Amino acid sequence: MEPWRTIIEPFRIHSVEPIRMTTRREREAHLAQAGYNLFALHSQDVLIDLLTDSGTGAMSAEQWAGLQRGDESYAGSPSWFRFEAAVRELFPFAHIIPTHQGRAAERILFSVLGGPGKAIPNNTHFDTTRANVEATGALAADLVIAEGRVPSSEHPFKGNMDVAELEAFIADHGAANVPVVVVTVTNNSGGGQPVSLENLRAVRSVCDRHAIPLVLDACRFAENAWFIREREPGYADVPIPDIVREMAALADGMTMSAKKDGLANIGGWLACRDDALAEACRNLLILTEGFPTYGGLAGRDLEAVAAGLREVVDEDYLRYRIRSTAYLGDALHAAGVPVVRPTGGHAVYLDARALLPQIDPLEYPGQALAVALYREGGIRGCEIGTVMFGRAPDGSEHPAAMDLVRLAVPRRTYTQSHIDYVVEVVLAVAARAGELRGLGIEHEPAQLRHFTARFAPLAA
Ligand SMILES: Cc1ncc(COP(=O)(O)O)c(C=O)c1O
């Protein structure tokens with residue numbers, strides 16, 4: 001390793017997109033028009049967009065070249081075979097089923113495996129995962145280890161599943177009613193925290209004992225593999241692709257959004273070993289996504305993912321990726337802003353409940369903080385808390401386990417000076433945190449309310 005401390009982007013910039021500053025008065029008007037829901041903003045009115053790392057990254061010259069090679073044949077296109085080979089190189093599952101993005105893979109898998117009376121555990125379900133499980137009438141349960149629910153805990157693998165709780169969960173519901181165990185790597189809703197191979201092995205052995213399949217929600221598999229290499233004894237010298245294959249070998253299948261560690265702007269897949277499951281999934285795929293050699297994707301999208309999968313396991317890329325996210329998290333932590341520790345792979349999570357103790361969780365401290373960051377400096381983050389997870393399927397509302405604001409860092413998109421600006425804005429908001437007030441919900445849809453709810457600021 002070279003001795004330099006400065007994180008450099010391991011690429012040169014090849015084409016650029018303008019971003020534009022707005023005035024505070026303009027941002028106030030945009031917020032009111034958007035019903036204080038940052039999903040409703042026009043992205044051109046956002047200066048630094050940290051809403052999500054999903055599909056928002058920059059593609060490489062190789063990926064753009066792949067778009068030109070894209071073959072748009074309906075069936076059996078060479079682009080499909082390049083995609084399938086690139087996926088199988090890292091995830092050697094018998095069946096690989098392309099989908100237009102991760103949630104399509106989830107919908108298909110849970111439509112086959114879920115249903116009333118079924119119970120599906122995960123370390124922490126992502127919002128669409130939970131919604132797709134619940135839409136089938138099944139119960140979605142989060143069984144992350146206790147440390148994973150404590151923002152300040154420095155545990156190296158806070159995404160791990162609580163194996164004793166998993167055992168108890170299976171005993172409670174009966175193995176016949178638990179059709180699958182899901183482990184999300186890294187654990188997005190729990191702070192982008194990694195899962196160790198040791199934990200995956202322990203989960204696997206519980207699954208084996210009860211003959212329950214284990215499926216990875218593998219959106220950020222490469223970032224998870226990097227953390228294993230950095231933190232898990234015995235892996236310091238193991239190449240990243242080998243660690244990924246070791247993760248895959250412990251699972252019976254996976255769902256994937258290629259918009260994350262596929263380094264693509266769209267795409268995903270479902271993979272499994274079981275022939276009967278694959279057949280049932282392909283039947284559903286054909287109903288809504290497309291033929292099994294394109295699954296809702298253009299041939300050029302398949303090419304972009306194939307190239308992205310080779311680039312995402314590159315060590316220079318991953319070192320830069322993980323260190324630059326930590327750069328943001330460490331700067332905020334050092335300045336006393338409560339953040340989920342240690343910094344996750346793709347995002348920094350501000351602990352809004354700790355920063356804004358004057359706001360009751362049912363008045364949405366995370367939403368209040370996200371709105372304040374936009375108002376202050378045009379930064380768009382995403383509430384991950386009571387707005388996202390507070391409404392239960394029976395209609396009751398409860399505080400979520402945590403009220404966070406996720407600042408997700410798009411891949412290969414922003415430079416260190418953009419991030420320095422973000423630090424400055426967050427510190428300015430934190431300095432006047434005591435003045436912030438909560439919000440009420442004026443309108444919400446029946447499901448996934450955070451995307452389209454409208455809010456109104458509560459009076460001081
Ligand atoms: C852990 C996790 N699972 C599933 C998904 C769904 O993927 P997509 O947005 O491609 O539908 C996401 C997206 O953010 C995610 O983070």
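Below, all heavy atoms of this structure are taken into account, side chains as well, without hydrogens, waters or symmetry copies. As the structure lists them, so they are numbered: ligands from 1, and atoms in each ligand from 1. We're numbering straight along the sequence, starting at 1. Owing to the predicted nature of the structure, the values given are computational and were not obtained by experimental measurement.
For atom 5 (C) of ligand 1, the closest non-hydrogen atom on the protein side is Phe126 CD2, 3.4 Å. When hydrogens are left out, the protein atom nearest atom 10 (O) of ligand 1 is Ser257 OG, 2.6 Å; that is the closest non-hydrogen contact. In terms of protein heavy-atom proximity, atom 11 (O) of ligand 1 is closest to Arg103 NE, 2.6 Å. Shortest contact from atom 13 (C) of ligand 1 to any protein heavy atom: Lys260 NZ, 2.4 Å. Nearest protein heavy-atom neighbour of atom 6 (C) of ligand 1: Thr128 OG1, 3.6 Å.
Every ring-ring contact (aromatic ring centres under 6.0 Å, His included) that Trp80 has, sequence neighbours left out, goes to Phe83. In this structure, the ring-ring contact (aromatic ring centres under 6.0 Å, His included) partners of Phe91, at least two apart in sequence or on a different chain, are Phe221.
If you check the side chains of Glu289 and His100, you find a donor sitting under 3.5 Å from an acceptor. Between the side chains of Glu246 and Tyr235, at least one donor N or O sits under 3.5 Å from an acceptor N or O. Remark: the Glu311 side chain and the Ser60 side chain contain an N/O donor-acceptor pair separated by less than 3.5 Å. With hydrogens and angles left out, the side-chain atoms of His210 and Glu167 include a donor and acceptor closer than 3.5 Å. Inspection of the Asn187 and Thr124 side chains reveals an N or O donor paired with an N or O acceptor under 3.5 Å.
Within ligand 1, the atoms closer than 4.0 Å to a non-hydrogen atom of Glu106 are 3 (N), 4 (C), 5 (C), 6 (C), numbered from 1 in the order shown. Remark: ligand 1 atoms within the under-4.0 Å shell around heavy atoms of Gly102 are 7 (O), 8 (P), 10 (O), 11 (O). Of all atoms in ligand 1, numbered sequentially from 1 with element shown, those under 4.0 Å from a heavy atom of Asn188 are 1 (C), 15 (C), 16 (O). Taking a cut-off of under 4.0 Å to the non-hydrogen atoms of Asp217, the atoms of ligand 1 that pass are 1 (C), 2 (C), 3 (N), 4 (C). For ligand 1, the atoms sitting less than 4.0 Å from at least one non-hydrogen atom of Gln101 are 8 (P), 9 (O), 10 (O), 11 (O), numbered in the order shown with element in parentheses.
Comparing Asn187, Thr184, Thr255 by heavy-atom distance to atom 1 (C) of ligand 1, the nearest is Thr184.
By the criterion of a heavy-atom distance under 4.0 Å, the side chain of Lys259, and not its backbone, is placed next to ligand 1.
The backbone N or O of Gln447 lies less than 3.5 Å from no partner atom in the side chain of Arg391, so there is not a single donor-acceptor pair.
Side-chain rings of Phe11 and Tyr320 approach one another, their centers coming within less than 6.0 Å.
Considering backbone and side-chain N/O of Gly267, none are found under 3.5 Å from N/O of ligand 1.
The shortest heavy-atom distance from Cys219 to ligand 1 is under 4.0 Å.
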